[in-house]
Amino acid sequence: MFILVDFYSFSFTIELVIRYIIYETSVTMKKTIIPLLLCLLLLGACDKSTESFSTSTFAMDTYMKFTAYGRHGQSAVDEAIETVHELDARLSVTDSASEIYAYNSGDSDALGEETQALVDEALAIGARTDWAVDIRIYPLVRAWGFTTEEYRVPSQEEIDELLAEESTMLDLGAVAKGYAGDLIAAQMREAGVSSALLELSGNIHCVGTKPDGSLWTVAIQDPLDPSSYVGTVKIADMAVVTSGGYERHFEQDGVRYHHIIDPKTGYPAESGLVSVTVVCESGTLADALSTALFVMGLDDAMAHYDAYGDFEAIFVTQDDEVYITAGLTDSFTLLSERYVMGAQS
Ligand code: AMP
Ligand code: MG
């Protein structure tokens, strides 16, 4: 609404000036000034349609920023903030009022329809990755203190016991931000937004292209130096999700432990990878897969790509090598001098 009012007052002024010129000035004056004013009017309209609206918030344990362009932008970013807080309140493992908390504590044995659909999708992705990502991992993640930030190294005995148990407790931490991106992107498209950038910590989700029609450039963070980048990918209408051990970790007795747990060992995954970025349309798939491929390691991850082919990925190894899947050859650019491209098979 603000844009329309603003635009109409602008065009109304121009119209008054044109009327004055038509009735009160000479022919030569009319011939030069009227086209000029019409151009101005057009420029004003174009400028308003690419106006950007941003909001930021803290949700799902992380900083988020949403930017939408065009005349639906303001209401779209306001709705995005509401959506993400509603999801956080529903999916959090630590908030005692959440649906997942009630389910995990046995106070409720059924999930709402939407949450159940997300759980089913996450379990299906778990199955296709041979449970490298498994949302039933909550008791293990809790034992390491990653949900409460009261970090500790569990004893081998405790880990063995947890591995032997059939867990039904859920932790949607590996998929929630990707799912939130999907939901917000869909809401924005429905509201008529054709250009938006959603930043949910390491998850980037873009709607359409940049307002000028060109591709978005998304930078992949350097796992060893958060202020610099490994490289960039150029995309439209995609989710770009990164999982890395550098995102959350603690140190005990000189050993560093990170938050991505291998469900088979119960320990932080040691796969030779320091970060995995997945690029595909679905944020939920990208998020679940980024965690899974990190656990799998490069060879199994590439085999998974060959078997499914419904995503693209960028792998950074602990030997400072960068590997990309075939579909990113034209859109990935290496930026950092620290890393070299690994030999492509
Ligand atoms: P992400 O940052 O998307 O890789 O997800 C990591 C988060 O998901 C952790 O903070 C845990 O809450 C949870 N998590 C850790 N390891 C796994 C796993 N192997 N499968 C499912 N969830 C996991
Ligand atoms: Mg993930």
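Ligands are counted one by one from 1 in listed order, and the atoms in each one are counted from 1 as well.
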| Option set A174, A286, G202, A176, criterion heavy-atom distance to atom 8 (O) of ligand 1, minimum | A174
| task | Below 4.0 angstrom from a heavy atom of D287, which ligand 1 atoms are there? Numbered from 1 as shown, please. | result | 3 (O)
| query | Does E312 use its side chain to pair, donor to acceptor, with the backbone of G327 at less than 3.5 Å? | reply | yes
| task | Round to 10° and report the angle made at the Mg ion (ligand 2) by O of D287 and OG1 of T291. | result | 90°
| note | ligand 1 to P263, heavy atom cutoff 4.0 Å, flagged ligand atoms 19 (N)
| request: Would you mind telling me which of E82, H85, K65 makes a side chain to side chain donor-acceptor pair (under 3.5 Å) with T57? | output: H85
| Parallel, tilted or perpendicular: rings of H258 and F294 (30°, 60°) | perpendicular
| message | Using a 4.0 Å cut-off to any heavy atom of I137, which atoms of ligand 1 qualify? | response | 17 (C), 18 (C), 19 (N), 21 (C), 22 (N), 23 (C)
| message | Is it true that K234 and S331 share a donor-acceptor pair across their side chains at a distance under 3.5 Å? | response | no
| query | Under 3.5 Å between some N or O of ligand 1 and some N or O of D171? | reply | yes
| Heavy atom under 4.0 Å from ligand 1: found in V133's side chain, backbone, both, or neither? | both
| said: Quick check on H259 - does any of its heavy atoms sit under 4.0 Å from an atom of ligand 1? | reply: yes
| query | Does a side-chain heavy-atom distance below 4.5 Å link M296 with M302? | reply | no
| message | Using 2.8 Å as the threshold, say whether any N, O or S atom from A286 sits that close to the Mg ion (ligand 2). | response | no
| said: Students should be able to answer this: which protein heavy-atom is nearest to atom 16 (N) of ligand 1, and at what distance? | reply: I261 N, 3.0 Å
| query | Hey, is the main chain of V276 close enough, under 3.5 Å, to the side chain of S290 for a donor-acceptor pair? | reply | no
| message | List ligand 1 atoms under 4.0 Å from S243, heavy atoms only on the residue side. | response | 1 (P), 3 (O), 4 (O)
| request: Identify, for atom 20 (N) of ligand 1, the protein heavy atom at the shortest distance, and state residue, atom and that distance. | output: D134 N, 2.9 Å
| Does the ring center of Y257 lie less than 6.0 Å from the ring center of Y151? | no
| What protein heavy atom is closest to atom 1 (P) of ligand 1, reported as residue, atom name and distance in Å? | T291 OG1, 3.3 Å
| Is the shortest heavy-atom distance from the side chain of Y308 to the side chain of R128 under 4.5 Å? | yes
| message | When you measure from the heavy atoms of A269 to every atom of ligand 1, does any distance fall below 4.0 Å? | response | no
| Within-4.5 Å side-chain heavy-atom neighbours: V77 and T67 | no
